[in-house]
Peer 1: 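One structure follows; several queries about it will come next.
Each chain gets a letter, A, B and so on, in the order its sequence line appears, and its residues count up from 1. Every value quoted in this text rests on a predicted model; they were computed, and no experiment measured them. Side-chain atoms are counted along with the backbone in the values below, which use heavy atoms only and exclude waters and symmetry mates.
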2 protein chains.
Amino acid sequence: MADKTQARRTPLSRDRVLRAAVALADDVGIDSLSMRTLAQELGVVPMALYKHVSNKEELLGGMVDVIVGEIGSPEPAVDWKSAVRQRILAARRALLRHSWASRVIESRATPTPTVMAYMDSMIGMFLAGGLSVDLTHHVMHALGSRIFGFSQELFDAPRDLDPQRPALGEMTTRYPHIMQIASANHDRHSVVGSGCDDQFEFEFALDLLLDGFERLWRLGWSSTGHRADRL
Amino acid sequence: MADKTQARRTPLSRDRVLRAAVALADDVGIDSLSMRTLAQELGVVPMALYKHVSNKEELLGGMVDVIVGEIGSPEPAVDWKSAVRQRILAARRALLRHSWASRVIESRATPTPTVMAYMDSMIGMFLAGGLSVDLTHHVMHALGSRIFGFSQELFDAPRDLDPQRPALGEMTTRYPHIMQIASANHDRHSVVGSGCDDQFEFEFALDLLLDGFERLWRLGWSSTGHRADRL
DNA sequence: ACCTGAACACCGTTCAAGT
DNA sequence: ACCTGAACACCGTTCAAGT
């Protein structure tokens with residue numbers, strides 16, 4: 001009751017709407033965030049939100065902007081590679097605080113100015129390091145969602161490898177190779193249900209890409225040769 | 001009218017439901033595919049679908065299975081690298097025929113048996129090539145959604161670079177680095193609005209990763225050294 | 001002029017009534 | 001026993017009525 005009065009007294013603002021939306025998504029999950037539940041949380045009628053965000057799409061865009069704001073500025077570094085690496089891992093830390101964020105970022109159609117600015121500064125780090133405009137372009141594409149600190153993880157070795165489970169035998173005949181990886185993983189951790197080390201996998205792929213970029217950079221690689229036939 | 005009678009006469013089956021769903025999504029987009037519109041397309045009442053798919057989640061899973069079925073079997077190849085490369089590019093061709101498919105694949109929570117079998121065969125290609133179980137595990141994570149022939153493309157150089165547009169000047173001051181890439185791209189194609197060459201970008205990143213995997217393989221790389229401190 | 005309750009046009013899914 | 005229309009519990013958003 002006191003909260004509701006408080007909420008009524010504090011005037012709504014775009015910033016307050018966005019922060020409440022982020023907090024609510026953190027709490028109940030992005031699927032349960034609706035214009036109606038958000039309005040209720042703020043103690044206002046649903047329509048009151050539409051004065052601060054033009055629709056739900058724009059609300060989600062604003063929520064992404066809040067998270068991108070949490071990434072912070074790049075730390076000064078000697079070389080472009082470690083500068084980019086540190087920045088991307090900082091982005092990852094920000095994203096991990098909001099489990100819904102990666103799904104919202106990937107589902108959004110057009111980037112907001114804040115997201116554009118983040119991408120622009122990332123490009124700037126490569127160019128400042130001496131990579132050509134051409135190479136930087138392809139590098140940005142190759143990183144894809146990794147610039148924001150996440151990647152599309154479709155593969156996950158089964159967490160549940162209890163040998164007692166009757167389905168295990170069937171799994172091994174149906175997916176022999178997946179089970180090979182799952183067993184190896186299981187042996188290493190010596191704990192049932194440990195799954196994969198997401199942070200390790202992320203850094204493995206990131207470093208593989210960064211090393212590849214560096215190699216092309218040192219070779220003075222350019223795409224013109226590759227695509228000359230298509231011009 | 002004739003269509004409706006036809007639809008009524010042909011009995012519903014899970015297969016017919018899934019194929020109709022894929023065709024409808026191709027036509028009107030995934031956002032316009034609902035249990036209700038699909039039922040209407042098939043000339044049945046919405047509830048009739050629930051005898052063949054238990055809910056919408058399962059319908060989407062079945063639709064993904066149809067597309068994965070279109071990928072086909074891997075062609076025999078001399079080395080694992082070109083075998084994997086060909087298979088992934090085949091997957092990409094299948095996905096490009098259904099623009100909604102990548103979004104559905106990435107949004108699905110748990111993989112269907114068909115998807116598991118596809119992943120299993122992909123793992124098998126690396127193992128058959130002589131990569132260790134350990135390396136193959138990390139390789140699968142690093143590829144992520146690329147095993148299905150797509151990647152999360154968040155960066156796209158502006159397609160619309162008409163110098164007449166008044167907003168262009170503002171863009172250049174706000175996002176100088178993005179505009180550098182856009183201009184370079186623009187000069188090369190000599191056509192306004194050409195955008196990026198998605199296929200080139202996909203193969204660029206894929207080859208960078210495959211080259212990296214090959215290098216680690218030749219070096220006899222293993223993750224145990226890297227994660228020894230965490231055990 | 002401002003605010004907002006009711007309404008609109010949808011969803012996926014349940015369930016009971018009808019055959 | 002099977003099928004299905006109506007209903008339920010939601011959506012995002014419009015709009016007109018009330019202040």
Side-chain angles (χ1 to χ4, degrees), chain A residues 4-18 20-25 27-65 100 103-105 107-110 112, chain B residues 3-18 20-65 100 103-105 107-110 112:
Chain A
K4 212 174 175 184
T5 315
Q6 170 72 14
R8 276 221 199 87
R9 216 158 280 182
T10 318
L12 268 196
S13 69
R14 187 179 160 84
D15 192 66
R16 220 164 79 80
V17 168
L18 295 182
V22 166
L24 188 58
D27 271 11
V28 301
I30 194 72
D31 290 333
S32 301
L33 176 85
S34 69
M35 298 301 276
R36 285 163 141 99
T37 56
L38 176 58
Q40 194 172 29
E41 187 74 14
L42 285 162
V44 298
V45 82
M47 277 310 297
L49 301 175
Y50 283 82
K51 223 203 311 229
H52 302 99
V53 291
S54 55
N55 50 40
K56 195 178 182 182
E57 271 294 282
E58 219 230 331
L59 172 74
L60 293 171
M63 290 168 69
V64 170
D65 286 350
W100 47 271
R103 249 198 299 160
V104 174
I105 289 173
S107 71
R108 289 204 40 73
T110 46
T112 61
Chain B
D3 285 338
K4 213 175 176 187
T5 315
Q6 170 73 15
R8 274 219 199 89
R9 216 158 279 182
T10 319
L12 267 194
S13 69
R14 186 180 160 86
D15 192 65
R16 220 165 78 79
V17 167
L18 295 183
V22 167
L24 188 58
D26 287 348
D27 272 11
V28 301
I30 194 72
D31 291 333
S32 301
L33 177 85
S34 69
M35 299 301 275
R36 286 164 141 99
T37 58
L38 177 58
Q40 194 172 29
E41 187 75 12
L42 286 162
V44 299
V45 82
M47 276 311 296
L49 301 175
Y50 284 82
K51 219 198 319 222
H52 302 99
V53 290
S54 55
N55 51 40
K56 195 178 183 183
E57 270 293 283
E58 218 230 329
L59 172 74
L60 292 171
M63 291 168 68
V64 170
D65 286 350
W100 48 271
R103 247 196 301 161
V104 175
I105 290 173
S107 71
R108 288 203 42 73
T110 46
T112 62

Peer 1: Among C/dG12, C/dT4, D/dG5, which nucleotide sits nearest the side chain of A/Met47?
Peer 2: C/dT4
Peer 1: Once rounded to the nearest 0.5 Å, what's the spacing between atom CD1 of B/Ile30 and atom CG of B/Leu24?
Peer 2: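 Here the rounded value is 9.0 Å.
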Peer 1: Are the side chains of B/Met63 and B/Val104 in contact, using a 4.5 Å heavy-atom criterion?
Peer 2: no
Peer 1: Near DNA chain D, which residues from residues 21-40 of chain B have a heavy atom under 4.0 Å away?
Peer 2: B/Arg36
Peer 1: Just how far, in rounded Å, is P of D/dT4 from NE2 of B/His52?
Peer 2: 12 Å
Peer 1: Does the side chain of B/Val44 come within less than 4.5 Å of B/Leu12's, by heavy atoms?
Peer 2: yes
Peer 1: Looking at A/Glu58 and A/His52, what are the two nearest heavy atoms and their distance?
Peer 2: OE1-O, 4.5 Å
Peer 1: Quick one: stems for DNA chain D, with Watson-Crick or G-U pairs under 3.5 Å, at least three in a row?
Peer 2: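 Stem list for DNA chain D: C:4-8 with D:12-16, C:12-16 with D:4-8.
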Peer 1: A/Lys56 has an atom NZ; how far is it from atom C1' of C/dC10, in whole Å?
Peer 2: 14 Å
Peer 1: Expressed as a whole number of Å, how far does the P atom of C/dC8 sit from that of D/dG18?
Peer 2: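 My reading of the P atoms in C/dC8 and D/dG18 gives 16 Å.
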Peer 1: Quick check on A/Arg14: does its CZ atom have over 12 non-hydrogen neighbours (other residues, nucleotides or ligands) under 6.0 Å away?
Peer 2: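 Above 12, so yes.
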Peer 1: Whole Å only: how far is the NZ atom of A/Lys51 from the C1' atom of C/dC2?
Peer 2: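 A/Lys51 atom NZ is separated from C/dC2 atom C1' by 7 Å.
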Peer 1: May I have the distance from B/Leu12 (atom CG) to D/dC3 (atom P), rounded to whole angstrom?
Peer 2: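 In whole Å, D/dC3 P and B/Leu12 CG are 10 Å from each other.
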Peer 1: Tell me, with the steps shown, if A/Leu49 and A/Leu59 meet side-chain contact (heavy atoms from CB on, under 4.5 Å).
Peer 2: CA-CA 9 Å; A/Leu49 301 175; A/Leu59 172 74; over 6 Å; no
Peer 1: For the residue pair B/Val64 and B/Arg108, establish whether any side-chain heavy-atom pair is separated by less than 4.5 Å.
Peer 2: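 Contact flag for B/Val64/B/Arg108 side chains = yes.
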Peer 1: Write out all pairs satisfying side-chain hydrogen bond (donor to acceptor under 3.5 Å, both in side chains) with one or both partners inside residues 23-37 of chain B, taking only residues at least two apart or from two chains.
Peer 2: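 Listed once each, the pairs are B/Asp26-B/His98, B/Asp26-B/Trp100, B/Ser34-B/Thr37.
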Peer 1: C/dG12 C1' sits how many Å from B/Leu49 CG, rounded?
Peer 2: 11 Å
